[in-house]
Structure formats: C-alpha cells, structure tokens
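Since this is a predicted model, take the numbers as computed values, not measurements. Atoms within each ligand, like the ligands themselves, are counted from 1 in listed order.
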Amino acid sequence: MNLALFGGPKQREQSFPKHPIIGEEEKKAVLDVLESGNLSTFLAGPGKNFLGGKKIREFEDNFADYVGTKYAISFNSASSALHGAVVAIGVKPGEEVIVPPYTFTSTATSVLMHNAIPVFADVQNDIFCIDPSSVENRISSLTRAVIPVHLFGHPAEMDRIVKVAEENGLKIIEDCAQASGATYKGKNVGIMGDCGIFSFQETKNIATGEGGMLVTNDEEIAQTAQMVRNHGETILESQKERTYKTEFLGWGYRMTELEAALGVEQLRKLEQGNKIRRNLADFVTKKINQIDGIKHIKKDYVEHSYYVYAFTFDESKIGISRDQFVKALNAEGIPFYEGYVKPLYLNQIYHDAKPFIYKFYKGKASYEKGICPVTERLYEKELVMTEILRPPITEKDADDVVSAIQKVIENKQEFENKKI
Ligand SMILES: Cc1ncc(COP(=O)(O)O)c(C=O)c1O
C-alpha cells in the first residue's frame, strides 16, 4: 500500500509551522501599552476620549490611509463591525438585506441583530462569491441593502454588484473579513460600497487576537458606527458637557489599546505576508490545475489575499469522492477540509429557532433546501480548502501539499481495493 490512509508512509511527518507570526515589534508594542497603563482609554467624557486611545487612533488612521477611505472605525470584532454597519447604513426593522449563504454566520446574523431579514442569493461556482444575477433576482420592495463577501480573499464581482445596487437604490456593505489587502480592478476592497468591514481575528491576514474595522467615506455612517460601538452614546467632539446621552441602541464593541498596538505592527507586515501567500498559491495552482478534475480559479483583474486556498473537485473525472480525497490527504499529513460551511439558511436559526422579528415580517424570504443550488453543490460535493498556504511556510512545504495531492490521485485504485 502506498497511501497513508491504508498504512503506507506519510507524505509529511512534521506539522506545518504556526500562524500568526508574532515578531519582536508586536511584543514591544504590547509591552509599551502595558507599561503606559492605558489599556482602553475610551471614556464617557467629551472630546477625543470618545474616539478611543492613542493606539486606537493610530491604528484607525493608518488603516484608513492604507485602504484609502476618510474614516476607519475599530471594533472588537468584524461581527460587531458588521452589526454597526447594518445600523449605520439605515436598514429598518423588517427590511431585507441580501447576503450569500456561503460565508461566516455573522454576515447574516448581523442583519437579524438589527431586526432585519437576511435573504440569501446564490454564489458563483468559480470564485465562490455572491452572484450578481442571483442578487438581482432576490430584490423585493423590502430590500434595502446587499452584503457581498470577498470569500477566501477573492473579491466579489463588484462592478456588477454596484450596478445592480445603483439601479435598485440599495446600499452596499462589503464584507472584507477574509480579504485584507485584496484588490478588484486596481481598487482596494472596502471602498467600492457604502462601507466595508475587516476582521483581525487570530487566523486572519492581520491578526490581533480579536478585532475588526469599518471603513467608509461617509461621515454620517462613520459617526453612527462610533456611537454604536460606544453604547449608543452621542458624545461627540463638538459636545462640551460630560453626559450619558443615549439616543439609540448601542453596544460595548470597543477594541482595546493592546489589540490596536498589535494591529499597527501587523498592518505594516500585511503586504509582505500577502505576497508570500500569493507566491505559494501560484506555485500550487500551476501544478494542480493540470489535473483533470481539479480547478482553482483566480480572475486576472484581482489581487487575491489568499486567506484560504480553495479549489473545486470533480469526482466524476477523478474517480473517488471529494470526501475520500480529503480523508486521504489528511492521512498524508496535509490539513485540507471539505465543503467550508453548510449553507447558512439550513441552520436552525432560520427554521425552528427563528427570532421574534419574523412574527412581524411581511416579506417572502425562503430558507428551504434548494434555494441556492450552486452553494449546496459546493458544500456537499465539490469544494476543497486549506488555510496552510501562508507565512511562515515555504515553497518546500507547499511542495509537500502538491506531492500529497498527486500521490492520492495516482493511487486512487487503493480505494477500490479497500472498498472505503
Ligand atoms: C466572511 C466573514 N465575515 C465576518 C466574520 C466575522 O469576523 P470576526 O471573527 O472578527 O467577528 C468572519 C470571520 O471569520 C468571516 O469569515
């Protein structure tokens, strides 16, 4: 036997190096904050304290400069930034927001958190992002906004999404949680909609432990987001008195100085990290796209941030199932996963555990199996993914990934013999 799954030698014995990389710069920046004693510095008083401490403002200024927006507002996660964005763009209870079902849960639950209704549009089968034609088909008189997700770091088809949004009076929140540093036709993600949100949770390309950012050029969106993250308080720089004036619902969504200090250093390293990710991905793509039945697609007008490397697997061409393939790769010592996430609309929260707002909802959002066939097919049969093609791994490590894929396919006959 050759395959490790059936007792053969493993392609790779040692584990892949750890992510994220924490350098001396990050350690010093965090120590400096600890020594300063200012761990948060968001105060209820008037003036700049409402906007956060020194490191928060440095991280926000640098991030806004990097992305190219007037404002960047930090949050304690991308999920809270999404919630802030849904509030700030003016969605009202009972209105609909179109989202893809192939994404992290909070892309859709951020809508529910504001008593609005997620409506799911299908994704494209090549880049796995929301399909602009499906968005168009889901628009109703209640639709207020759309949230395209730049899934795995590949930007969604923004030209077409912006066109559909403009023609139908919809707002756009770009979910760039997985796409720090990605570009679409030369434009940074996050600047093509009304606002964009990013994640700095520890697996992401910028890793601060937890953390998020909302970027926008719109002053009103920026100010509302600042209030949402600060318990709904309306203390702005222009106000003189110390007061707890709460005019609408807000939450404790503030980032700490420690995370901001990490973010400042990690942002400096983003371009270099993304370059390594792109080189590793190109190295793997060149070899595995030659296999009939495996396809990784990156449009030539985007810069992918390769948070995740994903491809489609056609079992009718390869001769074993996607799940057998992934099991065999894992046995070879290569961490791959199948399917990504179950289409979100199949979760209990859209069925037996529906939130209260649905009692008042007048629209026709459907959450039945079959509404997004491309997503369902990717989840059930076709999508294969890994997070390991990122620094500090080298081309030599990536070569193990390619060799393992080739080995499993060359020895697929062993599945037939073993009847697994
Ligand atoms: C597409 C997408 N949106 C939103 C989020 C939420 O990010 P966070 O964990 O920072 O709340 C994630 C997290 O993985 C994500 O992948």
Side-chain angles (χ1 to χ4, degrees), residues 19-20 59 63 72-87 97-114 118 120-121 123-124 127-130 145-156 158 161 172-182 184 189-190 193 195-215 225 228-229 251-256 258-260 262-263 266-267 270 277 304-310 337 339-345 347 349 375 378-379 383 385-387 390:
H19 174 92
F59 186 29
F63 203 83
I73 292 93
S74 59
F75 278 78
N76 57 7
S77 71
S79 301
S80 51
L82 269 167
H83 186 188
V86 173
V87 177
V97 178
I98 299 176
V99 298
Y102 214 34
T103 175
F104 185 70
T105 188
S106 65
T107 310
T109 53
S110 63
V111 176
L112 284 170
M113 285 163 78
H114 193 50
F120 293 97
V123 300
Q124 295 182 225
I127 58 169
F128 318 130
C129 298
I130 199 164
V146 54
I147 310 183
V149 177
H150 305 307
L151 198 72
F152 305 148
H154 192 299
M158 288 308 295
I161 291 165
I172 299 175
I173 300 168
E174 287 180 66
D175 182 338
C176 319
Q178 304 183 0
S180 285
Y184 175 82
V189 296
C195 60
I197 63 91
F198 293 80
S199 173
F200 311 130
Q201 173 267 343
E202 74 174 341
T203 65
K204 300 297 191 307
N205 298 31
I206 292 177
T208 64
E210 303 290 344
M213 194 74 82
L214 182 155
V215 298
V228 170
R229 80 169 164 188
W251 289 266
Y253 280 168
R254 300 171 302 219
M255 181 185 265
T256 68
L258 294 159
E259 291 150 336
L262 276 171
Q266 292 260 304
L267 178 59
L270 177 65
R277 287 171 189 263
H304 202 309
S305 66
Y306 283 112
Y307 166 60
V308 158
Y309 184 85
Y337 310 88
Y340 186 44
V341 294
K342 183 161 82 172
L344 293 185
Y345 53 81
N347 287 317
I349 194 156
T375 305
L378 288 167
Y379 168 65
L383 192 110
M385 61 189 274
T386 184
E387 289 169 357
R390 62 190 174 193

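In summary, the atoms of ligand 1 found under 4.0 Å from a heavy atom of T103, numbered by their order in the structure, are 1 (C). Taking a cut-off of under 4.0 Å to the non-hydrogen atoms of S77, the atoms of ligand 1 that pass are 10 (O), 11 (O). Residue V149 approaches ligand 1 through these ligand atoms, each under 4.0 Å from one of its heavy atoms: 1 (C). Close approach to S106 involves these atoms of ligand 1, each under 4.0 Å from a residue heavy atom: 4 (C), 5 (C), 6 (C). Set against the non-hydrogen atoms of T107, the atoms of ligand 1 under 4.0 Å away are 3 (N).
In this structure, G211 counts as a contact residue of ligand 1, since one of its heavy atoms falls inside 4.0 Å of the ligand. Look at G212 and you'll find every heavy atom at least 4.0 Å from all atoms of ligand 1. The closest approach between a heavy atom of H150 and any atom of ligand 1 is not below 4.0 Å.
Scanning all protein heavy atoms for the shortest distance to atom 14 (O) of ligand 1 gives K204 NZ, 2.7 Å. For atom 5 (C) of ligand 1, the nearest protein heavy atom (residue, atom name, distance) is F104 CD2, 3.5 Å. Shortest contact from atom 2 (C) of ligand 1 to any protein heavy atom: A177 CB, 3.4 Å. Of the protein's non-hydrogen atoms, Q178 NE2, 2.7 Å is the one closest to atom 16 (O) of ligand 1. For atom 3 (N) of ligand 1, the closest heavy atom belonging to the protein is D175 OD2, 2.8 Å. Protein heavy atom in closest approach to atom 6 (C) of ligand 1: S79 OG, 3.4 Å.
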Full working for ring-ring contact (aromatic ring centres under 6.0 Å, His included) between H304 and Y306: CA-CA 5 Å; H304 202 309; Y306 283 112; 3.6 Å; yes
Side chain to side chain contact (heavy atoms under 4.5 Å, CB included) assessment of R229 paired with I73: CA-CA 9 Å; R229 80 169 164 188; I73 292 93; 3.5 Å; yes
Could you go through the side chain to side chain contact (heavy atoms under 4.5 Å, CB included) check for M158 and E174 one step at a time? CA-CA 9 Å; M158 288 308 295; E174 287 180 66; 3.8 Å; yes
Test ring-ring contact (aromatic ring centres under 6.0 Å, His included) on Y340 and Y102; report intermediate values, then the result. CA-CA 8 Å; Y340 186 44; Y102 214 34; 5.3 Å; yes
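The line from OH of Y379 to CG of L344 is 11.0 Å long, rounded to the nearest 0.5 Å. To the nearest 0.5 Å, atom NE2 of residue H154 and atom CD of residue Q178 are 13.0 Å apart. For the atom pair CZ (F200) and CE (M213), the distance works out to 4.5 Å, reported to the nearest 0.5 Å. Atom OG of S77 is separated from atom OH of Y253 by 7.0 Å, given to the nearest 0.5 angstrom.
Panel note: side chain N205, backbone S305; a donor-acceptor pair is recorded below 3.5 Å.
The nearest pair of heavy atoms linking G252 to N76 is O-ND2, 3.3 Å.
Checking only distances, S199 does come within under 3.5 Å of ligand 1, N or O to N or O.
Contacts between A78 and ligand 1, counted as non-hydrogen atom pairs separated by less than 4.0 Å, involve both the backbone and the side chain.
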